[in-house]
Q: 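First the structure, which I've put down as C-alpha cells, then a few questions once you've had a look.
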Amino acid sequence: MQVTKLESVDSVKFEATKPTEDSVKNEYDYLVAENLTKRLLQKGYINQSEFDKIMAKNREAFSPFLAEIMD
C-alpha cells in the first residue's frame, strides 16, 4: 500500500451558500410530508411499496437539500 503525504489542502475548495427562503420552506414541507407518510405506514393505511412511491413523489415535489443522495 502506498501512502501519500499531503503538504497543503489549498487545492480543496468548498464554498457554502446560504439557503434561500424557498429552499428552507421546501425542506420543511418535505419533512412534514415525510412524517405524515410515516404515520400512514405505521397505522397500516398504506404498505411499504406505497410509502416508497409517495416518498419518491415528495422528493420530486419538494426537492429537499439531500434529495440527490436519497435515491
Side-chain angles (χ1 to χ4, degrees):
M1 176 171 72
Q2 182 179 2
V3 178
T4 304
K5 181 179 178 183
L6 297 176
E7 297 296 327
S8 172
V9 292
D10 291 336
S11 62
V12 178
K13 302 281 185 208
F14 177 79
E15 275 190 44
T17 58
K18 185 176 179 181
T20 64
E21 190 172 321
D22 283 341
S23 68
V24 172
K25 182 182 180 318
N26 281 343
E27 193 76 26
Y28 175 79
D29 290 345
Y30 174 79
L31 292 173
V32 169
E34 180 182 42
N35 285 330
L36 290 172
T37 308
K38 281 182 181 177
R39 283 194 212 158
L40 291 173
L41 178 64
Q42 290 168 348
K43 292 187 181 263
Y45 295 124
I46 61 174
N47 61 36
Q48 185 65 48
S49 175
E50 292 167 321
F51 173 83
D52 294 339
K53 289 176 186 175
I54 293 168
M55 290 308 299
K57 292 276 188 188
N58 285 342
R59 283 190 293 277
E60 288 176 21
F62 299 116
S63 300
F65 180 69
L66 298 176
E68 302 103 40
I69 64 171
M70 292 179 181
D71 286 330

Q: Any side-chain heavy atom of Glu27 within less than 4.5 Å of one from Phe62?
A: no
Q: When hydrophobic residues are tied together by side-chain contacts of less than 4.5 Å, even through go-betweens, does Val24 share a cluster with Val32?
A: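 No, Val24 and Val32 fall in different hydrophobic clusters.
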Q: Using the rule that Ile, Leu, Val, Met, Phe, Trp and Tyr join whenever any side-chain heavy atoms are under 4.5 Å apart, tell me whether Leu31 and Met55 fall into a single cluster.
A: yes
Q: Can you list the residues that meet the side chain to side chain donor-acceptor pair (under 3.5 Å) rule with Gln48, with sequence neighbours excluded?
A: Asp52
Q: Please table the atom pairs, donor to acceptor, closer than 3.5 Å between any side-chain atom in residues 37-45 and protein atoms at least two apart or in another chain.
A:
from  : atom 1 : to    : atom 2 : distance (Å)
Thr37 : OG1    : Ala33 : O      : 2.7

